[in-house]
Number of protein chains: 2
Amino acid sequence: MTEGPTITTIAQRAGVSIASVSRVLNGLPTREDTVRRVMRAADELGYVPNSVARSLRNRRTDQIAFAMADIGNPVYVAMVREVQPLLKEAGYRLLIHSTDGDAEDELGVLRGLRERYVDGLIISPLRGVTEEHVEAIVAARAPVVVIGSLPEDMPDGALVDNVRTDSRTGVRLALDHLHAIGRRRIGFLNGPLGTVPGAARAAAYREALEALDLPYDEDLVEVGDFYRDSGARAARALLARAPGVDALMCANDLIALGALDVLREQGRDVPGDVAVVGMDDTDLASVTWPTLTSVSLGSAERGRAAAGLLLDRLQNGPREPRVVVVRPSLTIRGSTTLPEASPGGAR
Amino acid sequence: MTEGPTITTIAQRAGVSIASVSRVLNGLPTREDTVRRVMRAADELGYVPNSVARSLRNRRTDQIAFAMADIGNPVYVAMVREVQPLLKEAGYRLLIHSTDGDAEDELGVLRGLRERYVDGLIISPLRGVTEEHVEAIVAARAPVVVIGSLPEDMPDGALVDNVRTDSRTGVRLALDHLHAIGRRRIGFLNGPLGTVPGAARAAAYREALEALDLPYDEDLVEVGDFYRDSGARAARALLARAPGVDALMCANDLIALGALDVLREQGRDVPGDVAVVGMDDTDLASVTWPTLTSVSLGSAERGRAAAGLLLDRLQNGPREPRVVVVRPSLTIRGSTTLPEASPGGAR
DNA sequence: CATCCGGCCGTAAACGTTTACGGATTGTCG
DNA sequence: CGACAATCCGTAAACGTTTACGGCCGGATG
């Protein structure tokens with residue numbers, strides 16, 4: 001693997017100093033004649049600047065990392081999909097860290113910021129921002145955008161912007177809708193209470209019931225994981241315990257898929273017997289049959305917002321931390337209404 | 001943003017030279033006492049090595065890029081999902097380039113290799129490897145793995161490994177299956193003939209028909225894009241032209257989704273009236289109703305293979321280019337058999 | 001003609017590491 | 001006690017850029 005030409009090679013061939021070469025290549029004012037000579041030499045040698053050397057000198061890498069629990073999760077895919085073009089547009093490369101939900105890994109990424117291999121980080125911590133996260137962020141002294149909730153008391157040194165959604169309102173929208181179509185025994189299939197979304201959605205469910213003057217019934221609640229098979233297990237358990245349930249609120253779309261599987265298997269009509277609502281409004285929601293009514297937490301919008309905040313901070317320097325709240329909305333599909341004539345739409 | 005400690009800071013505090021610090025930090029043999037002093041200083045200062053400086057000196061970045069058409073496509077997500085942990089395990093970071101199917105962009109990534117911001121590249125070019133691709137790869141002098149097909153005559157300097165699948169056999173598997181369940185008028189919904197998969201699958205369809213002694217009928221073929229709504233349009237056109245069709249072979253799962261939409265809309269039973277087969281066997285296939293029989297082209301396996309080849313070359317140095325062919329297989333689901341009792345499974 | 005000013009350019013330092021090389025110290029052995 | 005080997009460490013160069021600084025040369029001006 002022979003070495004490519006460097007600025008020095010060009011300087012020799014053009015008969016000028018490396019400083020001149022650098023100036024020409026960076027478009028700094030230089031005599032016409034010199035410019036031509038350097039350009040010519042660079043062309044002939046097929047010169048390409050070494051980005052590592054440039055990074056070392058300029059103290060910037062033009063790279064940004066995005067850390068998430070699982071790149072297989074459609075929610076994160078939607079975010080990456082929005083983030084990538086914005087970063088590219090601004091001249092940054094994108095690094096992906098899929099932490100597998102491993103808290104140690106997540107912290108590893110945060111601590112890794114100190115190696116300065118990226119200029120900034122977007123992170124979506126599954127289990128919330130702990131004391132250790134905060135420590136690592138402060139020590140990093142590189143801008144970080146957190147997607148998800150933040151502890152109340154971020155210390156001053158922390159360069160943290162925040163994008164969050166309001167799953168409380170999201171759950172509320174879903175339950176209002178279910179109530180409006182006449183459902184009164186609304187079950188809830190949640191994810192782990194140890195996760196931020198899990199905890200928030202649990203609280204939101206109780207609140208929403210209260211607002212609707214519906215009783216809270218433990219038998220109508222089941223906790224599992226945020227996956228399809230876990231959703232199926234939970235649905236089976238809940239249906240066995242409370243056969244009279246007439247709607248299922250699911251803490252994400254995958255759980256809802258599992259619930260749909262079980263309802264079909266048991267011959268219960270959706271939405272006739274049981275209406276189903278998912279959460280996240282992923283691509284999957286328009287693929288199921290019946291299509292899935294789902295609470296959109298604006299994944300794409302959250303991705304865009306996060307990228308925007310980070311780029312703004314990188315380009316315009318220090319400023320007060322900002323918070324962007326993305327409003328949830330409800331996308332009503334077949335699982336809570338009568339079968340539509342024409343389903344689907346593009347993904 | 002104050003500057004962090006460098007090797008020099010540590011050297012001062014520990015009262016030794018920077019060479020000693022480096023040696024200690026890299027675990028080279030050093031006197032016990034010096035080791036302690038350096039370690040102590042490093043700890044106290046919270047030293048973290050600067051990865052850019054290290055890269056410059058070591059001429060390696062510990063980064064690998066993966067370039068694909070669209071990170072939103074489940075096929076690529078499946079690949080990334082496999083690639084990421086393998087790279088992490090080997091100590092590499094992962095960069096993602098989603099080129100949007102833009103050929104210029106794709107070449108940009110390839111040319112960018114010469115900036116040496118990554119040690120290697122996995123690329124899946126949508127429209128095949130052109131003359132220009134080859135040029136860029138040779139000039140890059142960095143190892144590249146291409147997922148997809150390669151021109152016959154790669155020049156010697158090109159450090160290219162290759163992972164491909166055999167969509168010909170894949171289509172064949174699907175048509176054999178359809179034939180075996182008694183279908184004789186098998187339609188084909190393809191993607192653009194200008195793409196590598198599109199062209200290959202078109203040829204494979206003709207061959208497979210021939211092998212089965214079925215006539216090739218132009219009315220049974222429709223060409224569109226690899227997306228759901230395009231698939232729907234194509235299905236509608238084909239059904240109008242050839243109402244007697246009893247099976248639809250789709251060039252990918254998204255097209256198949258569109259086809260399922262239309263069949264449902266027209267009240268045709270799947271698989272009773274029309275059987276449907278998709279291709280790629282993405283996560284979506286187990287979500288539809290009926291679940292979708294699909295040709296698996298081993299996305300996950302291709303991802304693993306690509307990562308394996310690249311890592312091998314990076315770790316063990318130059319060697320003959322290798323080719324890995326991943327065998328396709330057929331995953332039979334509800335869209336070609338009677339409705340199952342229990343659908344689904346984990347995603 | 002002497003002076004000054006401005007435009008270009010070259011020298012050298014800096015970014016933060018790793019490592020070749022040789023000098024110093026210590027210990028061993030004759 | 002002297003010579004030599006073995007250890008350990010410090011100096012300095014190198015990786016490929018960018019940029020501060022000062023020198024040189026030309027022309028304009030008094």
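Throughout, a chain's letter reflects where its sequence line sits, starting with A, and its residues are numbered from 1. Side chains included, hydrogens not; waters and symmetry mates left out as well; all remaining heavy atoms used.
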>> In whole Å, I'd like the distance from the CG atom of A/D33 to the P atom of C/dG7.
In response: 18 Å

Restricting both atoms to N or O, compile the protein contacts to nucleotides 17-21 of chain D shorter than 3.5 Å, with distance only.
unit_1 : atom_1 : unit_2 : atom_2 : d
D/dT17 : OP1    : A/Y47  : OH     : 2.8
D/dT17 : OP1    : A/N50  : N      : 3.2
D/dT17 : OP2    : A/I7   : N      : 2.8
D/dT17 : O5'    : A/Y47  : OH     : 3.1
D/dT18 : OP1    : A/N26  : ND2    : 3.3
D/dT18 : OP1    : A/R54  : NE     : 3.3
D/dT18 : OP1    : A/R54  : NH2    : 3.4
D/dT18 : OP2    : A/S22  : OG     : 2.7
D/dT18 : O2     : A/R57  : NH1    : 2.4
D/dT19 : O4'    : A/R57  : NH2    : 3.3

Could you pull out every donor-acceptor pair under 3.5 Å between side chains of residues 304-320 of chain B and any protein atom, sequence neighbours left out?
unit_1 : atom_1 : unit_2 : atom_2 : d
B/R304 : NH1    : B/E82  : OE1    : 3.0
B/D312 : OD1    : B/N316 : ND2    : 2.7
B/D312 : OD2    : B/R319 : NE     : 2.6
B/D312 : OD2    : B/R319 : NH2    : 3.1
B/R313 : NE     : B/D161 : OD2    : 3.3
B/R313 : NH1    : B/R319 : O      : 3.3
B/R313 : NH2    : B/D161 : OD1    : 3.1
B/R319 : NH1    : B/D161 : OD1    : 3.1
B/R319 : NH1    : B/D161 : OD2    : 3.4
B/R319 : NH2    : B/D161 : OD2    : 3.1
B/R319 : NH2    : B/L309 : O      : 3.2

> In degrees, rounded to 10°, what is the bend between the two ends of the helix from C/dC1-D/dG30 to C/dG30-D/dC1, using five pairs at each?
Replying inline: 70°

> What's the CZ-C1' distance between A/R31 and D/dG27, to the nearest Å?
Replying inline: 15 Å

>> Test of understanding: with side chain to side chain contact (heavy atoms under 4.5 Å, CB included), list the residues that count as partners of B/V48, not counting sequence neighbours.
In response: A/R114, A/E115

> Sequence neighbours excluded, which residues qualify as salt bridge (Lys or Arg N to Asp or Glu O under 4.0 Å) partners of A/E131?
Replying inline: none

> Excluding sequence neighbours, so at least two apart, what forms side chain to side chain contact (heavy atoms under 4.5 Å, CB included) with A/S299?
Replying inline: A/V75, A/A78, A/M79, A/R302

Please tabulate, one pair per line, each protein N/O and nucleotide N/O from nucleotides 23-25 of chain C that are separated by under 3.5 Å, including the distance.
none

>> Under a plain distance cut-off of 3.5 Å, with no hydrogens placed, do A/R164 and A/N162 share a side-chain donor-acceptor pair?
In response: yes

>> If you compare all heavy atoms of B/P125 against all heavy atoms of B/V129, which two are closest, and at what distance to 0.1 Å?
In response: CG-CG2, 4.0 Å

> Contact class for A/V16 (heavy atom, under 4.0 Å): base, sugar-phosphate, or nothing?
Replying inline: sugar-phosphate

> Which heavy atom of A/V196 sits nearest a heavy atom of A/S149, and at what distance?
Replying inline: CG1-OG, 3.5 Å

N/O donor to acceptor pairs below 3.5 angstrom from side-chain atoms of residues 12-20 of chain A, sequence neighbours left out:
unit_1 : atom_1 : unit_2 : atom_2 : d
A/R13  : NH1    : A/E44  : OE1    : 2.1
A/S17  : OG     : A/A19  : N      : 3.3
A/S17  : OG     : A/S20  : N      : 3.3

> Quick one: side chain to side chain donor-acceptor pair (under 3.5 Å) pairs with a partner in residues 117-128 of chain A, sequence neighbours left out?
Replying inline: A/T61-A/D119, A/H97-A/Y117

> Which part of the nucleic acid, if any, lies within reach of B/T30 when heavy atoms closer than 4.0 Å are counted: base, sugar-phosphate only, or nothing?
Replying inline: sugar-phosphate

> Which salt bridge (Lys or Arg N to Asp or Glu O under 4.0 Å) pairs, counting each pair once, include a residue from residues 45-58 of chain A, with sequence neighbours left out?
Replying inline: none

>> Minimum heavy-atom separation for A/I7 and A/S22, please, with both atom names.
In response: CD1-CB, 3.8 Å

>> Expected output is a numbered-order residue list: members of residues 35-45 of chain B with a heavy atom under 4.0 Å from any atom of DNA chain C. What is it?
In response: none

> Got a sec, which residues hit side chain to side chain contact (heavy atoms under 4.5 Å, CB included) with B/D100, two or more places apart in sequence or on another chain?
Replying inline: none

> Which atom names give the shortest non-hydrogen contact between B/T6 and B/Y47, and what distance separates them?
Replying inline: C-CE1, 3.7 Å

